[in-house]
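The block underneath contains the structure these notes are about, expressed in structure tokens.
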Amino acid sequence: MTVRLLIPLLLLLCSPLMAFDHQRWDALLADNVQWQRNGVTTVVNYRGFQTDRKALNRYLEALSSVSADDFGKWSGDEQLAFLINAYNAFTIDLILRQDSLPDSIRDIGSFFSGPWDQRFFALLGKERTLDEVEHEMIRGNPALMDPRIHFAVNCASVGCPALRPEAYRGETLEQQLADSTRRFLSDRQRNHFNENPARLEVSKIFDWYEEDFVDAAGSLHHYLLQYADTLEIPASHRKALDAEQLKIQFLDYDWSLNQ
């Protein structure tokens, strides 16, 4: 083999592994998810996903075919994008596995084994549950954990942050997470300031996962202070929020299917 041919071959062998191709998921989302209410939430066409079941199955099979060794060669952003997409895609799959569309994802399973405990798919060489993807593979990995994932993983419910009508990708992950956070906190049905008495009413997500926001900013008050403009908190109350004196109240969560 000549040197001219050998050098490109060596460069190919030494180059990083190509990132996972989410193009099929991107197309499915574009066809079956639509922004609503000025872009703060989305609705999902589950019957459309059912019509596109073969394409969805091919994407799910591609996700399941990735080995732990290959996954380990990707950048952190590529890994996190892969896991968020996997969580969201397999959640859609779980809904479609039911005999009929449930009124709520919480109708799936039993008292002893809810929807997030169902071991119905493989990822990185092991049978997995949705809880394992979210709480062990993402939240349990300090190298990947970012509190903004709570505005990206979607539990198929009205109360959830929007399922984006596009796939998450490593090269655009930062912008996508920032945008998903902004959109969710801009939703006045789920996050808003009340003047009398002065209090900040926010999604139950901030209660369930408070430790993640505390880890990121020292306190939930300080985490939300970063988004004071987005939350439209009056300037006269921001000092109270900074001093952790502004009351935070958690709103009821709507578990209705986001169809």
Side-chain angles (χ1 to χ4, degrees), residues 33-43 76-77 80-81 83-85 87-88 134-135 138-139 141-255 258:
V33 181
Q34 290 185 333
W35 289 112
Q36 296 283 301
R37 292 198 287 113
N38 296 318
V40 297
T41 190
T42 54
V43 291
D77 282 353
L80 184 52
L83 293 176
I84 293 172
N85 289 333
Y87 184 97
N88 292 342
E134 180 179 7
H135 302 304
I138 298 178
R139 295 181 65 228
N141 184 345
L144 298 184
M145 176 53 195
D146 183 318
R148 295 175 300 175
I149 63 105
H150 296 300
F151 314 120
V153 295
N154 184 272
C155 63
S157 303
V158 171
C160 291
L163 175 65
R164 291 183 72 87
E166 65 178 5
Y168 285 89
R169 299 181 184 277
E171 63 270 22
T172 56
L173 184 63
E174 173 59 33
Q175 298 95 311
Q176 288 176 308
L177 289 177
D179 183 64
S180 292
T181 302
R182 179 189 61 79
R183 288 177 185 270
F184 182 65
L185 293 178
S186 296
D187 184 359
R188 293 297 161 259
Q189 292 187 19
R190 294 180 288 187
N191 304 279
H192 55 262
F193 176 82
N194 273 345
E195 187 74 40
N196 286 310
R199 65 192 184 277
L200 188 57
E201 297 184 346
V202 295
S203 168
K204 192 72 172 173
I205 288 172
F206 291 104
D207 183 22
W208 292 329
Y209 301 109
E210 182 173 0
E211 64 182 279
D212 293 344
F213 302 106
V214 170
D215 287 345
S219 72
L220 179 57
H221 288 76
H222 286 155
Y223 189 87
L224 294 171
L225 183 63
Q226 302 173 82
Y227 300 99
D229 288 341
T230 304
L231 289 162
E232 297 182 337
I233 301 172
S236 57
H237 292 279
R238 296 186 187 189
K239 286 186 177 180
L241 182 60
D242 188 26
E244 301 182 22
Q245 294 175 349
L246 182 65
K247 181 179 180 180
I248 295 178
Q249 185 173 326
F250 304 108
L251 299 171
D252 291 337
Y253 202 78
D254 188 344
W255 286 104
N258 58 343

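No experiment lies behind these values; they were computed from the predicted model shown.
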How about [X] and [Y]: do any of their side-chain heavy atoms sit closer than 4.5 Å?
{"X": "L251", "Y": "H192", "result": "yes"}
{"X": "W255", "Y": "V158", "result": "no"}
{"X": "W35", "Y": "R183", "result": "yes"}
{"X": "N258", "Y": "V43", "result": "no"}
{"X": "L246", "Y": "F193", "result": "yes"}

Point-to-point distance, once rounded to the nearest 0.5 Å, from [atom1] of [X] to [atom2] of [Y]:
{"X": "K239", "Y": "L225", "atom1": "NZ", "atom2": "CG", "result": "12.5 Å"}
{"X": "H135", "Y": "M145", "atom1": "NE2", "atom2": "CE", "result": "10.5 Å"}
{"X": "Q34", "Y": "T41", "atom1": "CD", "atom2": "OG1", "result": "12.0 Å"}

Would you say the side-chain atoms of [X] pair up with the backbone N or O of [Y], donor to acceptor, closer than 3.5 Å?
{"X": "R199", "Y": "P197", "result": "yes"}
{"X": "T172", "Y": "Q175", "result": "no"}
{"X": "D242", "Y": "R238", "result": "no"}
{"X": "N191", "Y": "F184", "result": "yes"}
{"X": "N88", "Y": "A152", "result": "yes"}
{"X": "Y253", "Y": "C160", "result": "yes"}

Please name the pair of heavy atoms, one in [X] and one in [Y], separated by the smallest distance, quoted to 0.1 Å.
{"X": "R190", "Y": "D187", "answer": "NE-OD2, 2.5 Å"}
{"X": "D254", "Y": "S157", "answer": "O-CB, 3.7 Å"}
{"X": "N154", "Y": "P161", "answer": "ND2-O, 2.8 Å"}
{"X": "F213", "Y": "I205", "answer": "CE1-O, 4.1 Å"}
{"X": "L80", "Y": "L144", "answer": "CD2-O, 3.5 Å"}
{"X": "Y168", "Y": "Q176", "answer": "CA-OE1, 3.3 Å"}

Would you say R164 and S180 are linked by a side-chain donor-acceptor pair, where the criterion is simply a distance under 3.5 Å?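 A donor-acceptor contact under 3.5 Å links the two side chains.
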E195-H237 side chain donor-acceptor pair, cut-off 3.5 Å: yes
Any salt bridge (charged side-chain N to carboxylate O under 4.0 Å, His left out) involving residues 211-224? Give me the pairs, sequence neighbours left out, ordered by first then second residue. R139-D212
Can you confirm whether E244 is buried at CD, in the sense that more than 12 heavy atoms of other residues, nucleotides or ligands lie under 6.0 Å from that atom? yes
Check the orientation of Y223 and F206. Use parallel for under 30°, tilted for 30 to 60°, and perpendicular for over 60°.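 Correct class here is tilted.
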Less than 4.0 angstrom from a charged side-chain N to a carboxylate O is my criterion; do R182 and D179 meet it?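 Looking at R182 and D179, the cut-off is met.
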